[in-house]
2 protein chains.
Amino acid sequence: MSTASRALSRPDLVASETRSRVLEAVQRLGFHVNPAARALTSGKTGLVAMCVPTLSNPFFAPIIAGAQQAAEAADRHLTVVVTEGSARREAEVLTRLSGQVDGFIIVAPRGGDADLLEFGATTPAVIAERVVPGLTSVIIDTPAGLRDLTGMLKADGHRRVAYLSGPEGSWMDRLRCDALRESLGPNGELIVIGPLPPTFRAGAEAVQGILDRRATAVVAYNSLLALGAVYQLHNVGVRVPEQISVASADDLAALGLGAPEITTLRFDPAGLGAAAMEALMRLIDGRPPAVPHTRIPAALQLGSTTGRPATDV
Amino acid sequence: MSTASRALSRPDLVASETRSRVLEAVQRLGFHVNPAARALTSGKTGLVAMCVPTLSNPFFAPIIAGAQQAAEAADRHLTVVVTEGSARREAEVLTRLSGQVDGFIIVAPRGGDADLLEFGATTPAVIAERVVPGLTSVIIDTPAGLRDLTGMLKADGHRRVAYLSGPEGSWMDRLRCDALRESLGPNGELIVIGPLPPTFRAGAEAVQGILDRRATAVVAYNSLLALGAVYQLHNVGVRVPEQISVASADDLAALGLGAPEITTLRFDPAGLGAAAMEALMRLIDGRPPAVPHTRIPAALQLGSTTGRPATDV
DNA sequence: TTGTAGGCGTTATCAC
DNA sequence: GTGATAACGCCTACAA
């Protein structure tokens, strides 16, 4: 019966008395709308996909959680797909799923701008942690945060700064690197070590290079790298921050990586996920996004691993 | 046309020449079957859900990856749902999604046996990292691995062993704890510290209790806890393994948590995911599972953090 | 082996 | 404000 359908999908179009009778019956019978049938007529599946490069880096966990929550608040379901950081698999996944989902949030995509642009032209898509001209995007403004960090390091007298760079192919990693180099200025020197997997072990192993290159400060792509570096510095008898300062861009707060308190950028990754989802839902509904490129602020949070270098080495 | 439909869904029922003509046309037109329409008639969505407590613990990442791969090999799609370790949310998610997916893999569920059993009676479901009598389950046999570990610790002369237990409500955590206590025997003593969040920080903070209770060996729920403990022991001047041995049950290999090489259990989490998916697909197809309760072996892997205690403290 | 017809559960369109 | 009816795209008898 069509009235029942209306009572559920467009409650405003039916008399309140009828509506309540329908709802009562729905309760009593334990009725659930069939999403497949709804998708068939409406063309909308109520499904939204989020593509992430990996789940091994817990950085993405709160982003997913934020998006999932926003999706459910809008009575949609978020499905997570992992591309394993491969551009090929990313492309496969996008084509495989397009048509099954109403839209995509593509986090830190590895594909080229042109491919993404072409894809976004046919399917509602929001890019996260990367900017692609012509597509809606949401990023955490870690580059700005890193400029603040560099300012502090410079004020503390650091001039040789090592950057433990992130995974290969990361667009954001390049942006961070550029921000560091630029804000370090002509009197500073940025020593890039990497690309590195964002792991504790890689951070520990990078220490040798840091010492060899006589850096007095280290900025790591994420807290695991930073923690590994702090651990290994400790091991080889280098005191932090007296001899070397360590800071991190991505903050993996969920891992409880806080002892020692590493100087880091603090931001709201769940907010990223939620903002991306909101933008995507506007796209799906045919409304223009409120802001084409959203930036989530990243604030410098001082820890106990940075300070004025005691020696010039 | 029905021939086209057959050529795609039951290729064996159509003449090979016709079939290839259809496939050619499919290619040329870029045709994709509409999964919603297919779901409407067949009752199967091609969607399978995996419920995990959290994504912040990277332990689940390779499990998901393994299941996702197995799903795609069978031309199905895996959707991941996060319950945030809440039994209430777990129940919500299961009911919300049942009917939208063909089946569930519920990883480390928090709900009661009775609830799960009831749910499994109406929907194909496989349990992972927990055993529920009457349901198909797949677990990693860390308890057996821990018994091996205890054997080694005892042989090394350890008698007071601290267990840094895992997140509250974890069924597997209880099982591990029991295995440790039992295999430690009447001459040993198991000191349980926790429940603890599976984080670096919690591991570091647990060190005080370990020292207070005069344990000579520590077994941690996962490598992050173990690493935090090693770090803090180091900090307070306790040498590992000379004074205290440290080992871990869950191995977070993906985090590159390997420096120092912590003694740990090595297993194949992707295999867990794949095995669960295969069992689930049998269930969905109405075939009985090959084995009702699958156990993935966990092998003791010696690192540099365990050894004979130099002092009896 | 292939074509035809009916129905899956929902929504939109149209009369009432 | 409400009830009928025709799609939506696919699958599955059944008939040819």
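Every chain is numbered from 1, with letters handed out A, B, ... down the list of sequences. Atoms considered below: every heavy atom in the structure, side chains included; atoms not considered: hydrogens, waters and symmetry mates.
- Separating the CG atom of A:Leu13 from the C1' atom of C:dA12 is a distance of 11 Å, rounded to the nearest angstrom.
- Protein atom CZ of B:Arg19 is 12 Å distant from nucleotide atom C1' of C:dT1, rounded to whole Å.
- Considering only heavy atoms from C-beta on, A:Met277 comes within 4.5 Å of A:Met281 through its side chain.
- Residue B:Gln27 qualifies as open at atom CD: its count of foreign heavy atoms under 6.0 Å is 12 or below.
- The main-chain N or O of A:Ala108 is never found under 3.5 Å from a side-chain atom of A:Arg130 such that the two would form a donor-acceptor pair.
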Between the protein and nucleotides 9-16 of chain D, list every N/O to N/O distance that falls short of 3.5 Å.
{"residue": "D:dC10", "atom": "OP1", "partner": "B:Asn34", "partner atom": "N", "Å": "3.0"}
{"residue": "D:dC11", "atom": "OP1", "partner": "B:Arg38", "partner atom": "NE", "Å": "2.5"}
{"residue": "D:dC11", "atom": "OP1", "partner": "B:Arg38", "partner atom": "NH2", "Å": "2.9"}
{"residue": "D:dC11", "atom": "OP2", "partner": "B:Ser5", "partner atom": "OG", "Å": "2.7"}
{"residue": "D:dC11", "atom": "O4'", "partner": "B:Thr41", "partner atom": "OG1", "Å": "3.2"}

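- Judged by distance alone, the side chain of A:Arg295 and the main-chain N or O of A:Asp141 form no donor-acceptor pair under 3.5 Å.
- With salt bridges taken as basic N to acidic carboxylate O contacts below 4.0 Å, none links B:Lys44 and B:Asp102.
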